[in-house]
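Data first, discussion second: the structure below is written as structure tokens.
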Protein chains: 2
Amino acid sequence: MASNITYEHSDDPNDYLPLRDVVFNSIRKAILMGELKPGERLMEIALAERMGVSRTPIREAMRKLELEGLVVMIPRKGAQVAHLTESDLNDVLEVRIALEKLAIEKACFRMTDAEYIELLSASEDFERLIPTGSLEELAQADEDFHEAIYRAAGNKRLLQVLHNLREQIYRYRIEYLKEERSRELLVKEHHEMTNAIKSRDVAKAQELSFAHLENQRKAILHSIRQK
Amino acid sequence: MASNITYEHSDDPNDYLPLRDVVFNSIRKAILMGELKPGERLMEIALAERMGVSRTPIREAMRKLELEGLVVMIPRKGAQVAHLTESDLNDVLEVRIALEKLAIEKACFRMTDAEYIELLSASEDFERLIPTGSLEELAQADEDFHEAIYRAAGNKRLLQVLHNLREQIYRYRIEYLKEERSRELLVKEHHEMTNAIKSRDVAKAQELSFAHLENQRKAILHSIRQK
DNA sequence: CAAGTGCAAAATGCTGACCGTTTTATTTAT
DNA sequence: ATAAATAAAACGGTCAGCATTTTGCACTTG
């Protein structure tokens, strides 16, 4: 069993990915995409069989998912997909608002022309996807926009923390994007933020970012309460 | 071998700790205490033998240390204790300053009397330890003081992120505490912050916190550069 | 019929042996 | 001394197995 798994020996040895990371990415994606639902049990043996690997890489991937906050471990009982309570959502977004504020401030000071071009094109990509794009594509484009700001801030740790915070609410943000008027609003907000950052108007950009995230908070809260 | 390891069946089943977490805590502490130095290789077999366990819990602990940022994994080469570059330190402290600012704001709004008592007593404990306390005790007391603020902020995610950020620089903060005048300054700053928070003076408390962390940044930078 | 009891099946946590591949260390040759 | 060749060790993962716990389920009982 699982003997069909062979290691990739690519020319560039740098793109070698341990199996545990393949598993990690795979389960992570499944949780973010909603295929694995909150509360669902994640059993080592079942997962191992489904992915054609042994328990070892599954267990190691689980440790990382645990620290990422996507999975909750109960000793001797196993892992389950983490729930996001209303209070959790508020906590996450509160932190994210504070850090996005920092990111914008830093970006306004340090952003290069090349980085601005990237931000602008991310904004345009998002707009272009509105009519035809799938939910996943839209979510990805929205992420790319924010990532462009984070990267321009030039702080690796900030990038990493924001990445993790966004991951927490990814599952629920999809709900937000389902509504037509949310999307239109997002386009407008992206535009305004892009302009504010270009003109290095820190206060304006921060204010817009705050409103942007507050809108998201309300929408997600609403969709959580409905369930 | 290692068959002398038996599971603890305590009356309270809640204090059961998986071996992987024992290992995790143990290695984590060794890194923070400086017993394991930056760049040092962490070899599974050696660690396993030294701790009297098999490779499995070692490997799983390593995954968590990796995500915590205390250990750097290089595929197929193994794990080593993470280095903290000057740029890393700046990044970490920049984020921490932003989040401590948030914590103080929230604490000023929500702090209960009981929480204030805790903060005050943490501040007093620190002061009391100045003459007699060891470096570890002082570091712990300083942590407790900040934790008291974080907890009063009433945001679990904020607490968690700040905890991790502090861990990153713990190793180097010890250097800071070695100097006599740093300690005196810390006592003063703790006092002033406690008072500002008590009188719910957000701006004042935030300003003090900023200065507090900036002092730390300069001192740590200095000690890093000396090496 | 709901609720507890008891038991069998399954899951977790870990050990130990093993194997292919890669990396590191050591020896040997230049 | 430096470089190439070779041996030793480490990583990454599989597999089988074992003690302990948890869970699912049939079965009884009030």
Side-chain angles (χ1 to χ4, degrees), chain A residues 1-27 36 39-67 70-82, chain B residues 1-27 36 39-67 70-82:
Chain A
M1 212 60 56
S3 52
N4 56 329
I5 301 264
T6 36
Y7 296 109
E8 292 290 327
H9 295 119
S10 45
D11 295 338
D12 178 10
N14 282 6
D15 63 358
Y16 163 80
L17 248 197
L19 215 39
R20 57 173 179 262
D21 290 330
V22 175
V23 170
F24 171 75
N25 288 328
S26 168
I27 298 180
L36 294 171
E40 190 167 337
R41 274 186 76 184
L42 298 173
M43 281 175 298
E44 295 170 8
I45 298 173
L47 287 171
E49 275 173 6
R50 207 149 67 87
M51 306 189 62
V53 300
S54 77
R55 282 168 67 203
T56 306
I58 301 279
R59 287 174 60 86
E60 294 183 21
M62 223 64 100
R63 301 299 153 253
K64 297 177 72 171
L65 290 163
E66 183 187 0
L67 236 70
L70 292 177
V71 151
V72 173
M73 288 291 313
I74 302 164
R76 289 219 181 263
K77 292 183 83 180
Q80 52 183 88
V81 179
Chain B
M1 216 57 55
S3 52
N4 56 327
I5 301 264
T6 35
Y7 295 108
E8 292 290 326
H9 296 118
S10 45
D11 294 338
D12 179 8
N14 281 6
D15 63 358
Y16 163 80
L17 248 198
L19 216 39
R20 57 173 180 264
D21 289 331
V22 176
V23 171
F24 171 75
N25 289 329
S26 166
I27 298 180
L36 294 170
E40 192 166 336
R41 277 185 73 185
L42 298 172
M43 283 176 298
E44 294 168 10
I45 299 174
L47 288 171
E49 277 173 4
R50 207 148 67 84
M51 306 189 62
V53 300
S54 77
R55 284 169 65 204
T56 306
I58 301 279
R59 288 171 60 87
E60 293 182 19
M62 223 63 99
R63 302 298 151 255
K64 297 177 71 171
L65 291 163
E66 184 187 357
L67 235 70
L70 292 177
V71 151
V72 173
M73 289 293 312
I74 303 164
R76 290 231 135 106
K77 290 184 82 179
Q80 53 182 98
V81 180

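These values consider heavy atoms only, across backbone and side chains, with no hydrogens, waters or symmetry-generated copies. Each chain gets a letter, A, B and so on, in the order its sequence line appears, and its residues count up from 1.
When heavy atoms are screened at a 4.0 angstrom cut-off, A:Ile58 is found touching no nucleic acid atom at all. No engagement by B:Leu47 is indicated, since no non-hydrogen atom pair under 4.0 Å with the nucleic acid exists. Within 4.0 Å (heavy atoms only), B:Arg20 reaches sugar-phosphate atoms of the nucleic acid but no base atom.
A straight line from CD1 of A:Ile45 to P of D:dC15 spans 13 Å, rounded to a whole angstrom. Rounded to whole angstrom, the span from the CE atom of A:Met51 across to the P atom of D:dG13 amounts to 12 Å. When the C1' atom of D:dG12 is taken as reference, atom CD of B:Glu60 falls 14 Å away, rounded to whole Å. The distance from atom CE of A:Met73 to atom C1' of D:dT21 is 13 Å, rounded to the nearest whole Å. One atom, CD1 of A:Ile74, and another, P of D:dT21, lie 17 Å apart when rounded to the nearest Å. Note: CD (B:Glu44) to P (C:dG16) measures 15 Å, nearest angstrom. If you measure from atom OH of B:Tyr16 to atom P of D:dT20, you get 12 Å, rounded to the nearest angstrom. One interatomic measurement links the two molecules: CG of A:Leu19 to P of C:dT21, which rounds to 15 Å at whole-angstrom precision.
OP1 and OP2 of C:dC14 both lie 4.0 Å or more from every side-chain N or O belonging to B:Thr56. Contact annotation: A:Lys77 reaches the phosphate of D:dT23 (side-chain N/O to OP1 or OP2, under 4.0 Å).
Closest to the A:Pro18 side chain, of the nucleotides C:dC14, C:dT22, D:dG13, is D:dG13. Comparing D:dT14, C:dT21, C:dA11 by their nearest atom to the side chain of A:Met43 picks out C:dA11.
Shown here for A:Met73 and A:Ala79, the closest heavy-atom pair between the two residues is SD-CB, 3.4 Å. Residues B:Asp21 and B:Lys64 approach most closely at OD1-NZ, 2.8 Å, considering heavy atoms. Here the closest non-hydrogen pair linking A:Pro75 and B:Pro18 is CB-CG, 4.2 Å.
A donor and an acceptor atom sit less than 3.5 Å apart, one in the side chain of B:Arg55 and one in the base of D:dG12.
Mapping A:Arg41 and B:Ala46 onto DNA chain D by nearest heavy atom places B:Ala46 closer to the 5' end of the strand.
Looking at heavy atoms from C-beta onward, B:Arg59 lies out of side-chain contact with A:Arg59 at the 4.5 angstrom threshold.
Between the CG atom in A:Leu17 and the CG atom in A:Asn25 there is a gap of 6.5 Å [rounded to 0.5 Å].
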